[in-house]
Amino acid sequence: SAGVPVFFRVLYGGRGSGKSEGIARLLLLVSREQAGICLCTRDYQNSIEDSVYKTIEEAAETCGVAEEYRGAE
């Protein structure tokens with residue numbers, strides 16, 4: 001119903017559909033407008049290069065906001 005806060009959103013779908021990339025861009029841009037905590041998860045990956053961290057890092061570059069965020073390097 002209207003006015004009820006949403007605590008969880010779950011996206012389902014196959015690999016390669018762009019869910020991770022789209023959500024990463026959306027969260028980066030929304031986080032510039034409102035404070036909050038976001039948990040990003042997806043299937044286990046073998047390395048940080050394959051992880052959601054890398055996806056968010058690349059999205060920040062694509063959106064031109066990379067200088068506003070710093071990683072856990």
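The residues of the chain are indexed from 1 along the displayed sequence.
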*Asks:* Calculate, to the nearest 0.5 Å, the distance between atoms OG1 and CD belonging to Thr62 and Glu57 respectively.
*Replies:* 11.0 Å

*Asks:* Considering all heavy atoms of both residues, which atom of Ala60 and which atom of Leu28 are nearest to each other, and what is their separation?
*Replies:* N-CD1, 3.2 Å

*Asks:* If you measure from OG on Ser20 to NZ on Lys54, what distance do you get to the nearest 0.5 Å?
*Replies:* 14.5 Å

*Asks:* Between Ile23 and Val30, is there a shared hydrophobic cluster once you connect ILVMFWY residues whose side-chain heavy atoms come closer than 4.5 Å?
*Replies:* yes

*Asks:* Which distance, rounded to the nearest 0.5 Å, do you find between the SG of Cys63 and the CD1 of Ile56?
*Replies:* 11.5 Å

